[in-house]
Amino acid sequence: MFSFARSDEPGAFKYSRMGNPTVQELEKRLAVLEKGEKAQCFASGMAAISAAILSTVRAGDHIICVDQVYFGTREFLEFFLARYGVQVTYVDGTSVDTIKEAIRDNTTLIYLESPTSYYFQLQDLTACVQVAKARNITTIIDNTWASPCYQNPLAMGIDLVVHSLTKYVGGHSDVLGGAIIGAAALIDNLSRIDHQLLGGIMTPHTASLMLRGMRTLPLRMERLSKSANVIAEYFDTIPCIRKVNFPGLSTHPQHELASSQMSGSGSLMSIELKSTLEQARAWVDRLRYFRIGLSFGGYESLVLVVGLVPDMLQDHPVTLIRFSIGLEDPADLIEDLSSIHQFFSLNMRHDKLG
């Protein structure tokens, strides 16, 4: 028999994997910011996403998921949950009718991401909640793009909200973390099994860095949002750009929905450029202020050449490039980006001559 120190006091700290004061303080603040009852922190955004999904499904269940979901989430659904007979149907989240049509008798979860992080399509959260509640289906949303500052899905009836704290909350590109926020009963349900036993816990040191980031989060989000809108409006004037994907733009097809669901914009956007992958990469390599990177939400501006747009024009390839706008002066960023005019007009003339 083993014996160990214990306390009869509720919530006593016995072992750091089961909770510690620094992480608990971060969880309390996140819950308040996201307008939820309780939060649970994790070692990464992916750990939070996995735990949230696992807490709502069992073998043989069916999940409805938006088709532009974060690639890590999609891989978890397709390669991990498939082992246990969990079925997934991907739908166009811009239409609540596609969600309704996908519901089966064994559907237990609708997984949302609004806006999505490459094409920035939104789901009507209120309508999705109405559909889900009518069938007693749980709803989860990845709210990383808007941050808790600009969108609070729990207030619209969503059951669980997940965040990659690595992005805006951390804010300094030097720490990994994730969180789930929701009703206390739901968080308590996932805490012991899907948090403690799987071991994707957040360390006290990580929590201290997240708390540092939270101190400036509203100020950073205000600056990032304003700068992103300036850059998106600039992109919208450039002829060689086929499309700017950014919900903050008045020309975005879902701008009205974005304005009704969010009080501001994140700083991530993408453009669809009339170019080949090689041309896009060559231009990106020339940028001075944009580092090449997959993440977003930090202090620095990042760029990523994603790939060819699926519905590319027949007469010319179209490439998707994603930008994360940082805290730099937007005038400096625009000066850097202005090389797009000369670079692509020159390359397109060469293509025609060739």
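Treat the numbers as computed from the prediction; the structure is a model and nothing was measured.
Atom CG of Leu257 is separated from atom OG of Ser260 by 4.5 Å, given to the nearest 0.5 angstrom. Within the model, atoms CZ of Arg288 and CG of Leu337 stand 12.0 Å from one another, a figure rounded to the nearest 0.5 Å. Lys100 contributes atom NZ, which lies 12.0 Å from atom CD1 of Ile64 (distance to the nearest 0.5 angstrom). Distance check: Lys274 NZ to Lys243 NZ gives 13.5 Å after rounding to the nearest 0.5 Å. Going from atom CD1 of Ile340 over to atom CZ of Arg286 covers 12.5 Å, rounded to the nearest 0.5 Å. Annotation: the span from Ile141 atom CD1 to Ile181 atom CD1 amounts to 11.5 Å, rounded to 0.5 Å.
Both Ile103 and Val96 sit in one connected hydrophobic cluster of ILVMFWY residues. Membership requires side-chain heavy atoms under 4.5 Å apart, directly or through other members. At a threshold of 4.5 Å between side-chain heavy atoms, the hydrophobic network of Ile, Leu, Val, Met, Phe, Trp and Tyr places Leu154 and Ile137 in one connected group. Hydrophobic clustering, with ILVMFWY side chains joined whenever heavy atoms are under 4.5 angstrom apart, groups Ile110 together with Val86. In the hydrophobic clustering of this structure, Met210 does not group with Leu219; members are Ile, Leu, Val, Met, Phe, Trp, Tyr whose side-chain heavy atoms approach within less than 4.5 Å, directly or through other members. By the rule that hydrophobic residues join a cluster once side-chain heavy atoms approach within less than 4.5 Å of another member, Met269 and Leu302 end up as members of separate clusters.
The side-chain tip of Arg220 does not point at the ring of Tyr299 from less than 6.0 angstrom away and within 45° of straight on.
Using a 4.5 Å cut-off on side-chain heavy atoms (C-beta onward), Arg212 and His172 make contact. Taking 4.5 Å as the limit, some side-chain heavy atom of Leu211 sits within range of a side-chain heavy atom of Thr22. Using a 4.5 Å heavy-atom threshold, the side chains of Ile271 and Leu320 count as separate. Leu165 is not listed as a side-chain neighbour of Phe42, based on a closest heavy-atom distance of 4.5 Å or more. Here the side chains of Glu75 and Tyr70 are not in contact, with every heavy-atom distance at 4.5 Å or above. Proximity of Asn152 to Glu34: side-chain heavy atoms (C-beta onward) are separated by under 4.5 Å at one or more points. Counting only heavy atoms from C-beta outward, the side chains of Gln151 and Gln261 approach each other to under 4.5 Å. Considering only heavy atoms from C-beta on, Arg322 comes within 4.5 Å of Tyr118 through its side chain.
Between Cys41 and Leu30, the closest heavy-atom pair is SG-CD1, 3.7 Å. Here the shortest heavy-atom pairing between Gly157 and Val129 reads C-CG2, 3.6 Å. Taking every heavy atom of both residues into account, Glu328 and Ser301 meet most closely at OE1-OG, 2.7 Å. When all heavy atoms of Leu122 and Gln254 are compared, the closest pair comes out as N-OE1, 2.8 Å. Between Leu160 and Ser55 the shortest heavy-atom distance is CD1-OG, 4.2 Å. The shortest non-hydrogen separation linking Ala102 to Val91 is CB-CG1, 3.7 Å.
Within a 6.0 Å sphere centred on CZ of Arg291, other residues, nucleotides and ligands contribute 12 heavy atoms or fewer. A 6.0 Å sphere centred on CD of Glu78 holds more than 12 heavy atoms belonging to other residues, nucleotides or ligands.
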Give the C-alpha distance, both sets of side-chain angles, the deciding distance and a yes or no for side-chain contact (heavy atoms from CB on, under 4.5 Å) between Ile292 and Leu287.
CA-CA 10 Å; Ile292 297 175; Leu287 297 177; over 6 Å; no
side-chain contact (heavy atoms from CB on, under 4.5 Å) evaluation trace for Leu224 with Leu327
CA-CA 6 Å; Leu224 291 170; Leu327 296 174; 3.7 Å; yes
Check the pair Leu217 / Leu33 against side-chain contact (heavy atoms from CB on, under 4.5 Å), numbers first and verdict last.
CA-CA 11 Å; Leu217 178 61; Leu33 191 60; 3.7 Å; yes
Please lay out, stage by stage, how Leu26 and Met214 fare under the test side-chain contact (heavy atoms from CB on, under 4.5 Å).
CA-CA 9 Å; Leu26 174 62; Met214 285 192 72; 3.4 Å; yes
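At least one donor-acceptor pair under 3.5 Å links the side chain of Thr116 to the backbone N or O of Gln121. Side chain of Asn229 to backbone of Ser225: a donor-acceptor contact under 3.5 angstrom is found. Looking only at distances, a side-chain donor or acceptor of Gln123 sits under 3.5 Å from a matching main-chain atom of Glu113. A donor-acceptor contact shorter than 3.5 Å links the side chain of Tyr168 to the backbone of Ser267. Checking side-chain atoms of Ser270 against main-chain N and O of Ile321 turns up no donor-acceptor pair under 3.5 Å. Using a distance-only test at 3.5 Å, with no hydrogens or angles considered, no donor-acceptor pair links the side chain of Asp236 to the main chain of Val244. No side-chain donor-acceptor contact under 3.5 Å links Thr319 to the backbone of Leu273. Not a single donor-acceptor pair under 3.5 Å links the side chain of Arg242 to the backbone N or O of Glu272. Of the possible polar contacts, none joining the Ser191 side chain to the Ile187 backbone as a donor-acceptor pair under 3.5 Å is found. In terms of modelled atom types and a separation under 3.5 Å, the side chain of His163 and the main chain of Gly178 share no donor-acceptor contact.
Residue Tyr119 forms a side chain to side chain contact (heavy atoms under 4.5 Å, CB included) with just one option from Val306, Asn245, Thr94, and that option is Asn245. When each of Ile158, Ile140, Asp142 is paired with Leu112, the side chain to side chain contact (heavy atoms under 4.5 Å, CB included) condition holds for Ile158 and for no other.
Between Phe235 and Phe323, the ring-plane angle classifies as tilted under the 30° and 60° cut-offs.
Side-chain contact check for Ser117 and Trp145: no donor-acceptor pair (N or O, by modelled atom type) lies under 3.5 Å.
Applying the side chain to side chain donor-acceptor pair (under 3.5 Å) test to pairs two or more places apart or on separate chains, those with a residue in residues 125-140 are Thr139-Asp159.
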